[in-house]
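Each chain gets a letter, A, B and so on, in the order the sequences are listed, and its residues count up from 1.
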2 protein chains.
Amino acid sequence: MHDSLKLSRLKSDFKSCTRVLSAIGDETRQLILFTLIDAGCDGMRVGEITAQTHLSRPAVSHHLKILKNAGIVEVYKVTTMNYYYLDPSSKLMDLKKLIAGLEDLLIVSQ
Amino acid sequence: MHDSLKLSRLKSDFKSCTRVLSAIGDETRQLILFTLIDAGCDGMRVGEITAQTHLSRPAVSHHLKILKNAGIVEVYKVTTMNYYYLDPSSKLMDLKKLIAGLEDLLIVSQ
DNA sequence: TTCAGTGGTTCAAGCATTTAAACCGATTGC
DNA sequence: GCAATCGGTTTAAATGCTTGAACCACTGAA
C-alpha cells in the first residue's frame, strides 16, 4: 500500500478516535472507568459513583456525558434510575486499528 | 488471572499512558504528527512545521514540547537547528498493551 | 396530592490550556 | 564585531474545561 494512502487512512482513524482519546486521557474519567469496571455488567448509578469517589454528582454526570458521547459507556433506565455501563462493543476498540496503522507507518518509514 | 489483578494492571497501564493519550487526543498535535510523518526519518525543524501549518512558532514549540514529554517525538541538534522526528520505539506502542488489557476486561466481565 | 429519591442542567467561579508578541541566548557568515 | 537565522521562554490575554450550588423535572410510594 502507498504511504500516502496509509497516511490518509491514519488521519481518518485519528479523526474518529479523537473523542475517545481525549475522553480517556483525563484522570477523573479514568477513575470513573475503573469504578464502572468494578461494577461489572449490571452497571452503576450516578449516585453510587459519587459515593465511591471524591467527585460531586454534577461532576460525575458531566464526565459520564463525555464518556457516553465518546461511545465508551452506555446507559439504561429503570424508572428514575440510570445505570451506566461500559459498552463492550465500544469505540475503545477503534483504537486497535489506530495503533496498528501508526505502528505500520512508524516501522516502515523510519 | 484474577479480575482484581487485571484491574490493577489496567490502572498502572493507564497511568503510564495518560500523557500519551492526552497528547494525541488534541487535534493541533495530531496535525503536527501528520506533518512529522510526512517528513520521514530525517525529521523536521520548528520553522518548517510552522510554515506548513497555520500555527505560530511558539505554538509549534509548545506542542512539540508536550509530544516530547509524552515520549512520542525525539529531537537531534545540528548546530542551531533542532530536528524533531517520531520516535519509532515510541510510548505510542505502550497503548497496545493498554488496549489489550481493556479488551480482556471488557469481553470477560460483560 | 404530597413527599422523598433520582439525576440532568444551568450558572458563575476557579483553574488550566493555548496563543502570539516580545524577548533571550546561541551560532554562523560576512 | 555585526547582522541574520534559529528556536526556546516569558508574559499576558483569550479561550476552554471543571466544579459545586442551586434549580428543574420526573417517578413511585404513602
Side-chain angles (χ1 to χ4, degrees), chain A residues 14-15 17-36 38-39 42-87, chain B residues 14-15 17-36 38-39 42-87:
Chain A
F14 255 110
K15 191 160 196 166
C17 282
T18 298
R19 271 191 192 162
V20 175
L21 288 169
S22 60
I24 66 175
D26 179 272
E27 290 191 17
T28 303
R29 290 188 282 270
Q30 285 173 17
L31 175 62
I32 292 178
L33 285 184
F34 300 149
T35 311
L36 285 181
D38 263 338
D42 288 343
M44 212 163 173
R45 297 183 350 226
V46 175
E48 295 175 307
I49 300 173
T50 301
Q52 289 197 20
T53 60
H54 63 279
L55 303 164
S56 71
R57 189 166 56 74
V60 172
S61 196
H62 170 70
H63 289 296
L64 281 174
K65 196 177 176 182
I66 290 172
L67 289 169
K68 190 167 175 302
N69 234 346
I72 297 172
V73 308
E74 272 304 327
V75 64
Y76 65 91
K77 245 187 200 312
V78 177
T79 68
T80 63
M81 296 172 289
N82 292 1
Y83 288 87
Y84 288 87
Y85 61 100
L86 286 170
D87 185 357
Chain B
F14 255 110
K15 191 160 195 164
C17 282
T18 297
R19 271 193 193 162
V20 175
L21 288 170
S22 60
I24 66 175
D26 179 273
E27 290 191 17
T28 302
R29 290 188 282 269
Q30 285 171 19
L31 175 63
I32 292 178
L33 286 184
F34 300 149
T35 310
L36 285 180
D38 262 337
D42 289 340
M44 213 165 172
R45 297 184 347 228
V46 174
E48 295 176 307
I49 300 172
T50 302
Q52 288 197 20
T53 61
H54 63 279
L55 303 164
S56 71
R57 188 164 58 74
V60 171
S61 195
H62 170 71
H63 289 296
L64 280 174
K65 196 177 177 183
I66 291 172
L67 289 169
K68 190 167 176 303
N69 234 344
I72 298 172
V73 307
E74 272 303 328
V75 65
Y76 65 91
K77 244 186 198 314
V78 177
T79 67
T80 62
M81 296 174 287
N82 292 0
Y83 288 86
Y84 288 87
Y85 62 98
L86 286 170
D87 185 356

Problem set entry | Residues which pass ring-ring contact (aromatic ring centres under 6.0 Å, His included) with A:Tyr83, listed by chain and number, not counting sequence neighbours | A:Tyr76

Exercise. Between OG1 of A:Thr35 and CD of A:Glu48, what distance do you get to the nearest 0.5 Å?
Worked result: 11.0 Å

Exercise. So does B:Ser61 get a side-chain nitrogen or oxygen closer than 4.0 Å to the phosphate oxygens (OP1/OP2) of D:dG7?
Worked result: no

Under 3.5 Å, N/O pairs linking protein and nucleotides 22-30 of chain C:
none

For this session: Could you tell me whether A:Ile49 contacts a base, only the sugar-phosphate backbone, or nothing, with contacts defined as non-hydrogen atoms closer than 4.0 Å?
Result: nothing

Problem set entry | B:Arg29 side chain vs B:Ala23 backbone, donor-acceptor pair below 3.5 Å | yes

Exercise. Tell me: CG of A:Leu55 to P of D:dT18, nearest whole Å?
Worked result: 12 Å

Seminar exercise, completed: Separation of C:dT9 atom P from A:Lys68 atom NZ, nearest Å, is 10 Å

Exercise. B:Tyr84 near the nucleic acid: base, sugar-phosphate alone, or nothing, with a heavy-atom cut-off under 4.0 Å?
Worked result: sugar-phosphate

Seminar exercise, completed: What one should report as the nearest heavy-atom pair of A:Tyr84 and A:Val73 is CD2-CG2, 4.2 Å

For this session: Look only at the side chain of A:Ser61 and the backbone of A:Arg57, and say whether a donor-acceptor pair between them is shorter than 3.5 Å.
Result: no

For this session: Take the protein atom CG of B:Leu67 and the nucleotide atom P of C:dT18, then report the distance between them rounded to whole Å.
Result: 11 Å

Seminar exercise, completed: Per atom distances to the B:Val46 side chain, the nearest of D:dG8, C:dT6, C:dT9 is D:dG8

Problem set entry | Point-to-point distance, once rounded to the nearest 0.5 Å, from CD of A:Gln52 to OG1 of A:Thr50 | 10.0 Å

Seminar exercise, completed: Whole-Å distance, B:Ile66 CD1 to D:dG8 P, equals 14 Å

Exercise. Closest nucleotide of DNA chain D for B:Asn82 versus for A:His63: which of these residues is on the 5' side?
Worked result: B:Asn82

Problem set entry | Separation of D:dC17 C1' from A:Asn69 CG (nearest whole Å) | 15 Å

Exercise. B:Asp26 CG to D:dG16 P: how many Å, rounded?
Worked result: 13 Å

For this session: In whole angstrom, give the distance that lies between atom NE2 of A:His62 and atom P of D:dG16.
Result: 14 Å

For this session: Any chance you could lay out the side-chain contact (heavy atoms from CB on, under 4.5 Å) test for B:Ile66 and B:Asp26, step after step, and finish with the verdict?
Result: CA-CA 11 Å; B:Ile66 291 172; B:Asp26 179 273; over 6 Å; no

Exercise. For C:dG7, does OP1 or OP2 lie under 4.0 Å from any side-chain N or O of A:Lys77?
Worked result: no

Seminar exercise, completed: note: A:Leu64, atom CG; C:dT9, atom P; distance rounded to Å ~ 12 Å

